[in-house]
Amino acid sequence: MTWTCGKFEIDLASTRVMGIVNVTPDSFSDGGLYLRPGDAVAHARALVRDGADVIDVGAESTRPGHRPLPASAEWARLAPVLRQLLRELPDVPVSVDTYHAETARRAIDAGAAAINCVYTPDADMWSLVEKSGCGFVVPAKDYRAIGAQVLQDPMVGFGTTREEDVAILGSLRRLAARGPVLVGVSRKRVIGTLSGEAEPARRLGGSVGAAVWCAMCGASVVRVHDVKETKEALAVVGALAKEGGSPWNGIK
């Protein structure tokens with residue numbers, strides 16, 4: 001199985017790791033750290049060195065109580081980062097995290113490989129994706145297959161309770177049977193609740209554990225802040241699974 005993202009064909013035979021770059025002042029975990037374009041690009045380069053298969057860039061926080069950005073303001077934040085990334089990392093698929101069709105169009109025109117849409121996409125967004133051939137991530141409830149382009153996101157932490165998030169993560173195998181899944185649970189509230197760690201930036205252990213669980217349940221892509229540690233954990237568990245004859249040697 002592959003994920004078609006414009007000129008890229010991403011092999012999903014094993015679980016892939018998407019690295020997060022938040023060009024925001026208010027993201028729940030690292031808001032403000034990479035708001036300046038140079039800092040964001042340097043962080044993306046570091047994630048690629050750590051083994052990121054895809055870089056996901058977003059300019060609007062979706063934390064509870066966030067203030068929505070108009071498309072014009074979103075693009076003003078994204079444009080300098082995206083253009084520099086695409087110039088410096090031409091062989092790395094770059095995804096743009098947006099629900100604005102106008103931002104998505106500009107990003108694709110600039111060379112973005114995929115659009116990560118965290119809310120129900122409208123008709124314009126679907127049409128744009130189908131015409132461009134870019135990759136697409138949509139909420140699982142809105143999933144429909146168009147070629148090999150679309151991944152479904154179960155939306156952990158989007159207006160959900162701790163119990164609902166645990167139920168979502170516990171049912172990933174059934175969701176993956178329907179189509180390829182991307183899961184973003186890194187550093188989120190459910191990790192803090194389950195691990196007892198209140199500070200998002202200190203939730204490394206819980207986040208890596210959750211990523212391995214998602215991979216074992218069939219997730220095609222895990223979206224994470226801590227790429228190096230996640231890649232290492234997946235490599236170790238995958239190798240041990242292969243040695244033991246487990247079906248998780250992919251690890252997916």
Side-chain angles (χ1 to χ4, degrees), residues 5-6 16-48 52-86 89 92-122 125 128-129 134-139 142 151-159 182-189 200-201 207 221-227 230:
C5 297
R16 297 299 177 179
V17 175
M18 175 183 278
I20 299 170
V21 177
N22 288 319
V23 190
T24 61
D26 56 346
S27 288
F28 77 96
S29 174
D30 57 4
L33 290 180
Y34 311 113
L35 187 57
R36 293 190 304 176
D39 293 338
V41 172
H43 183 53
R45 287 199 301 263
L47 294 177
V48 171
D53 299 295
V54 184
I55 294 295
D56 190 50
V57 185
E60 179 183 320
S61 172
T62 52
R63 66 184 296 170
H66 76 283
R67 178 176 296 179
L69 280 180
S72 57
E74 181 184 43
W75 182 246
R77 284 184 188 171
L78 278 172
V81 175
L82 183 61
R83 287 170 180 153
Q84 190 174 344
L85 270 181
L86 293 170
L89 300 171
V92 178
V94 176
S95 166
V96 170
D97 195 331
T98 184
Y99 55 89
H100 293 293
E102 178 58 22
T103 300
R105 182 190 64 77
R106 288 177 166 180
I108 292 167
D109 286 348
I115 299 298
N116 183 4
C117 185
V118 298
Y119 298 119
T120 296
D122 61 19
M125 189 74 90
L128 177 66
V129 168
C134 74
F136 201 26
V137 183
V138 298
D142 301 306
L151 304 185
Q152 49 183 335
D153 185 341
M155 308 305 291
V156 173
F158 281 78
L182 175 148
V183 184
V185 70
S186 177
R187 301 186 185 177
K188 287 188 174 178
R189 181 180 57 187
S207 296
V221 181
V222 287
R223 181 179 180 271
V224 306
H225 297 85
D226 303 292
V227 169
T230 303

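Nothing here was measured: the structure is a model prediction, and the numbers come from that model.
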Note to self: For a 4.5 angstrom cut-off between non-hydrogen side-chain atoms, does Pro93 reach Asp53?
What the structure shows: no

Checklist line | Shortest non-hydrogen contact from Leu86 toward Ala112 | finding: CD1-N, 4.0 Å

Item checked: By side-chain contact (heavy atoms from CB on, under 4.5 Å) - contacts of Pro70 (at least two apart) -> Ser72, Ala73

Checklist line | Note, Cys117 side chain near Met125 side chain (heavy atom, < 4.5 Å) | finding: yes

Next item on the list: Measure the spacing between CG of Leu89 and CD of Gln84 and express it to the nearest 0.5 Å.
Entry: 9.5 Å

Note to self: Let me confirm one number: the CG-CE distance from Leu182 to Met18, rounded to the nearest 0.5 Å.
What the structure shows: 5.0 Å

Next item on the list: Please list, chain by chain and in numerical order, all residues satisfying side-chain contact (heavy atoms from CB on, under 4.5 Å) with Ile108, sequence neighbours excluded.
Entry: Ile115, Leu128, Ser132, Cys134

Item checked: Residue pair Arg77 / Leu69: nearest heavy atoms and the distance that separates them -> NH1-CD1, 3.3 Å

Next item on the list: Please identify each residue that fulfils side-chain contact (heavy atoms from CB on, under 4.5 Å) with Asp97, with sequence neighbours left out.
Entry: Asp56, Asn116, Val118, Arg223

Next item on the list: Using side-chain contact (heavy atoms from CB on, under 4.5 Å) as the criterion, list what pairs up with Ala44, not counting sequence neighbours.
Entry: Val21, Ile55, Leu85

Next item on the list: Side-chain contact test, heavy atoms from C-beta onward, threshold under 4.5 Å: evaluate it for His43 versus Asn22 and give yes or no.
Entry: no

Note to self: So Leu151 and Val221, do their side chains get closer than 4.5 Å, heavy atoms only?
What the structure shows: yes

Notebook entry, point to check: Looking only at heavy atoms, what is the nearest atom pair of Thr24 and Gly58, with distance?
Noted result: CG2-O, 3.8 Å

Margin query: Would you compute the distance between atom CG of Asp142 and atom CE of Met155 and round it to the nearest 0.5 angstrom?
Written below: 9.0 Å

Checklist line | Check: Pro121 and Phe136 side chains under 4.5 Å, non-hydrogen atoms | finding: yes

Check: Which atom names give the shortest non-hydrogen contact between Ala59 and Leu78, and what distance separates them?
Finding: CB-CG, 3.6 Å

Margin query: Run the salt bridge (Lys or Arg N to Asp or Glu O under 4.0 Å) test against Arg106 and tell me which residues pass, sequence neighbours left out.
Written below: Glu102

Checklist line | Residue pair Val156 / Lys188: nearest heavy atoms and the distance that separates them | finding: O-NZ, 2.8 Å

Margin query: Looking at every heavy atom in both Trp75 and Pro80, which two are closest together, and how far apart are they?
Written below: O-CD, 4.5 Å

Notebook entry, point to check: Under the salt bridge (Lys or Arg N to Asp or Glu O under 4.0 Å) test, which residues partner Arg83, sequence neighbours left out?
Noted result: none

